[in-house]
Amino acid sequence: MRILYDSKLPQFKEPFGTLTPGQPCRLHIHIPCAVQATAVKCLMQYEDGRTTAQEFLFSKKRIEGPYEIWQAEFSIPQEGLYFYYYYIDTPSGGFRLFKQGDDTNMEAGALWQVSCVPADFHTPQWARGATIYQVFPDRFHKSGDCDLTGKLTPYTVHSGWNEEVDWRPTEDDLVLNNDFFGGNFRGIIEKLDYIADLGVNLLYLNPISKSFSSHRYDTGDYKTPDPMLGTEADFAELCRQAHARGIRVILDGVYSHTGSNSPYFNREGQFDSVGAYNSQESPYYSWYTFQHWPDQYTCWWNFDTLPTVNKLDPAFVNFIIEDEDSVVAHWMKLGADGFRLDVADELPDFFIERIRQAVKAHGADKLLLGEVWEDATTKEAYGVRRTYLLGKGLDSVMNYPFKEAVLNFLRGGDGQAAAQAILDICEHYPAPALHSLFNFMSTHDTVRAITALAGEPLDNHDRNWQSGRRMSPEAYEHGVKLLAMAYAAIFTLPGVPSIYYGDEVAMQGYKDPFNRGYYEWDSTETRLRPILTQLALLRKSCDAFKEGRFELVEAGPDLLHYRRVGPTQSAEIALNRSNALRVITAFGKAAEVNPMGFTILVEDNATAHLQAGPAGPGGRTTLQYQKG
């Protein structure tokens, strides 16, 4: 018999998840009577996993069948990340007890984790229950022609929306990413009703600043919109029109590097300024790190068009954050409601904390998200453990772990593995950050969801293989069903779901740049949009999806069934990946989950059934999707 302890379950640890300073926490550990334990001790360590923060003893409370139930209560006085394990004494000697998956193991394994976060850590209340729509600005919609005076050259403009993005390298083996379709602010404004009708209330735009490339992560001028997109007045009008429809707008903050083609570096000489590349007396020289001026310098991932900036340089910090018309203030005064920080792991905690202060100076309801690909609570970057979610930095992060869990399950992985990956994040993240998570299935950095779910595996195929590759009709039909299930998951898991433009019409595409095609406005795919709209409406109407507790009900080879419990309502969600009808028990009654489909049931916690929504068994609010 094994010693029983699972920090995710209330019979072993209560409360679930993170703690605040001084908050009591009760632990129970179940030890087989045959072990003859004489003493049980918890050893809690600081985030380095070596230095002891505190030790405390358990007391034996009772015997239940073959187990002794040992109990302890503790609190953590100081904010931070902590790890712990147990030491158990017996008449024959003592041993350490470690974590092994969701089980325990003697003398080998991992440490359990708990974070202590400030009691006053809050994130914008409006974000809970929200739905995001992500737009890659050049590729969404064009309305009219913009004044291209000042557009960085050279560039090309596609003659038709259905042309493939340029991906072939030049004779010098360079991929310039300087092809444009002409999507602009006015085009987004024209489609705001389309976006609003999806149930969206947060619009996330990839970079909009003047830049050489169409992706605009090579910032050319932080405070000027790219001429291809329009003017400051156009952007301000976009924000005004979005706000009138109840939609907030956040921008991509790209502060780990600039473009070499910028007034700050000016390697290409297209600006009148004296850039760091032009003179060591440049006011921007201290922004960059040169090994040998001017042609050897630190750059992002060795792309010489992306010189890295020194985020601790006072001149850079002032320009981006502190000045009265800093970059942050500039865009927020024009109407932006916050930022998503690109490559947050390359921004020091000090820098992120200062950005938070600058953003929140415009209102506590402003939002600050970060791009983090791993578990943000244990993330290490450049030898430093990051403090993103300890209440002083980000509101929340992009949720790659959920994306991978859902993708792996729908591509044939076991439901139990997906459930545990989801529970890990729920346990590790503070509730304010958990319920503000940026959940997604596709982004500009990933293979489009339908392609990842049902397309040929990417493996190590090159761009020539990826170019123009589309699924067979049979694979596409299968992919649409999987995509509906995937979005059902991220709309009902803790966090804020994001629709990447074009996913609602099942746009395909492998890696960058093929995942950044122009929106297919003439698509005949009509099945997904109504489902996404219903999911968004359900999130708005049911408080279980805003801050509700996540509970795993059942997970197996083809089934993932979980529950969200809110203040007044609860929801049960089941995804059935198999080709057979499944019957589950939800709210004490039988419910069907169609083959390759999902079922979402909502009931009032006070037992009175909700009346909104399509009628289902027993008067429940029901949303189903089925193979057909």
Can you confirm whether the side chains of [X] and [Y] place a donor and an acceptor under 3.5 Å from each other?
X: Thr492; Y: Arg539; result: no
X: Asp503; Y: Tyr487; result: yes
X: His435; Y: Tyr429; result: no
X: Thr377; Y: Gln113; result: yes
X: Glu456; Y: Gln466; result: no
X: Asp349; Y: Thr387; result: yes

For the student: nearest non-hydrogen atoms of [X] and [Y], plus distance:
X: Phe587; Y: Glu572; answer: N-OE2, 3.3 Å
X: Ile531; Y: Ala484; answer: CD1-CB, 4.1 Å
X: Pro21; Y: Pro77; answer: CB-O, 3.6 Å

Query raised in the report: Does a sphere of radius 6.0 Å around NZ in Lys8 hold more than 12 heavy atoms from other residues, nucleotides or ligands, not counting ones at 6.0 Å or beyond?
Result: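 Yes, NZ of Lys8 has more than 12 neighbouring heavy atoms, counting only those of other groups under 6.0 Å.
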
Query raised in the report: So does Asp459 have more than 12 non-hydrogen atoms from other groups sitting under 6.0 Å from CG?
Result: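 Yes, CG of Asp459 has more than 12 neighbouring heavy atoms, counting only those of other groups under 6.0 Å.
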
When rounded to the nearest 0.5 angstrom, what is the spacing between [atom1] in [X] and [atom2] in [Y]?
X: Ile69; Y: Glu64; atom1: CD1; atom2: CD; result: 4.5 Å
X: Asn594; Y: Asn579; atom1: CG; atom2: CG; result: 12.0 Å
X: Gln54; Y: Thr52; atom1: CD; atom2: OG1; result: 10.0 Å
X: Ser436; Y: Arg128; atom1: OG; atom2: CZ; result: 4.5 Å
X: Gln71; Y: Lys60; atom1: CD; atom2: NZ; result: 14.0 Å
X: Tyr82; Y: Thr51; atom1: OH; atom2: OG1; result: 11.5 Å

Taking [Y]'s backbone N and O only, do any of them form a donor-acceptor pair with [X]'s side chain (distance below 3.5 Å, no angle check)?
X: Tyr388; Y: Asp345; result: yes
X: Asp414; Y: Ala418; result: no
X: Gln100; Y: Gly109; result: no
X: Asn515; Y: Thr446; result: yes
X: Asn439; Y: Pro494; result: yes
X: Arg564; Y: Gly548; result: yes
X: Ser578; Y: Ala580; result: yes
X: Gln23; Y: Thr20; result: yes
X: Lys511; Y: Pro513; result: no
X: Glu371; Y: Asp342; result: no

Side-chain touch [X]/[Y], heavy atoms, less than 4.5 angstrom:
X: Leu389; Y: His428; result: no
X: Gln11; Y: His28; result: no
X: Ile88; Y: Ile31; result: yes
X: Met1; Y: Tyr67; result: yes
X: Trp465; Y: Leu458; result: yes
X: Phe438; Y: Val397; result: no
X: Ser396; Y: Thr123; result: no
X: Tyr84; Y: Val114; result: yes

Taking [X] first and then [Y], would you say they form a salt bridge - that is, a charged N and a carboxylate O separated by under 4.0 Å?
X: Lys392; Y: Glu353; result: no
X: Lys311; Y: Asp313; result: no
X: Arg386; Y: Asp375; result: no
X: Glu14; Y: Arg26; result: no
X: Lys360; Y: Asp395; result: yes

Requested in this report: Evaluate ring pair (Phe, Tyr, Trp, His ring centres under 6.0 Å) for Phe598 paired with His561, printing each intermediate quantity in order.
Outcome: CA-CA 10 Å; Phe598 64 85; His561 178 189; over 10 Å; no

**Report entry** Pair Leu202-Trp126, side chain to side chain contact (heavy atoms under 4.5 Å, CB included): steps then yes or no
**Finding:** CA-CA 10 Å; Leu202 178 56; Trp126 62 263; 3.9 Å; yes

**Report entry** CA sep, side-chain torsions, deciding dist, call: Glu603, Ser570, side chain to side chain contact (heavy atoms under 4.5 Å, CB included)
**Finding:** CA-CA 6 Å; Glu603 288 197 1; Ser570 295; 5.9 Å; no

Requested in this report: Identify whether NZ of Lys or CZ of Arg in Arg577 sits under 6.0 Å from the centre of the six-membered ring of Phe409 and within 45° of that ring's axis.
Outcome: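 Flagged: Arg577 positioned over aromatic ring of Phe409.
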
Query raised in the report: For Phe58, which of Tyr5, Tyr87, Tyr86, Trp70 qualifies under ring pair (Phe, Tyr, Trp, His ring centres under 6.0 Å)?
Result: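 One option only clears the test, and that one is Tyr86.
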
Query - Worked check of ring pair (Phe, Tyr, Trp, His ring centres under 6.0 Å) between Tyr217 and His257 - result: CA-CA 8 Å; Tyr217 283 96; His257 53 270; 7.6 Å; no

**Report entry** Leu27 vs Phe74, side chain to side chain contact (heavy atoms under 4.5 Å, CB included): CA-CA, chis, key distance, verdict
**Finding:** CA-CA 8 Å; Leu27 302 177; Phe74 75 101; 3.7 Å; yes

Query raised in the report: What's the verdict on side-chain hydrogen bond (donor to acceptor under 3.5 Å, both in side chains) for Asp543 and Thr568, showing C-alpha distance, side-chain angles and the deciding distance?
Result: CA-CA 7 Å; Asp543 64 20; Thr568 66; 2.4 Å; yes

**Report entry** Evaluation steps, ring pair (Phe, Tyr, Trp, His ring centres under 6.0 Å), between Phe550 and Tyr562
**Finding:** CA-CA 7 Å; Phe550 176 89; Tyr562 52 91; 5.3 Å; yes

Report task. Return the orientation label for the Tyr85 and Phe98 ring planes: parallel under 30°, perpendicular over 60°, tilted otherwise. Result ->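 Aromatic pair Tyr85/Phe98 classed parallel.
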
Query raised in the report: With respect to Gln134, which candidate in Ile250, Asp252, Asn206, Ile499 satisfies the side-chain contact (heavy atoms from CB on, under 4.5 Å) definition?
Result: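 Running side-chain contact (heavy atoms from CB on, under 4.5 Å) over Ile250, Asp252, Asn206, Ile499 with Gln134 returns exactly one hit, Asn206.
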
Query raised in the report: Per the side-chain contact (heavy atoms from CB on, under 4.5 Å) rule, which among Leu367, Asp365, Asn201 passes with Arg248?
Result: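 With Arg248 as partner, side-chain contact (heavy atoms from CB on, under 4.5 Å) holds for just one option, Asp365.
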
Query raised in the report: Would a line drawn from the ring center of Phe440 to the ring center of Tyr400 be shorter than 6.0 Å?
Result: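 Yes, ring centres under 6.0 Å apart.
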
Query raised in the report: After noting the C-alpha distance and the side-chain angles of Arg356 and Leu394, does the key distance pass the side chain to side chain contact (heavy atoms under 4.5 Å, CB included) rule?
Result: CA-CA 7 Å; Arg356 180 182 182 86; Leu394 302 170; 5.8 Å; no

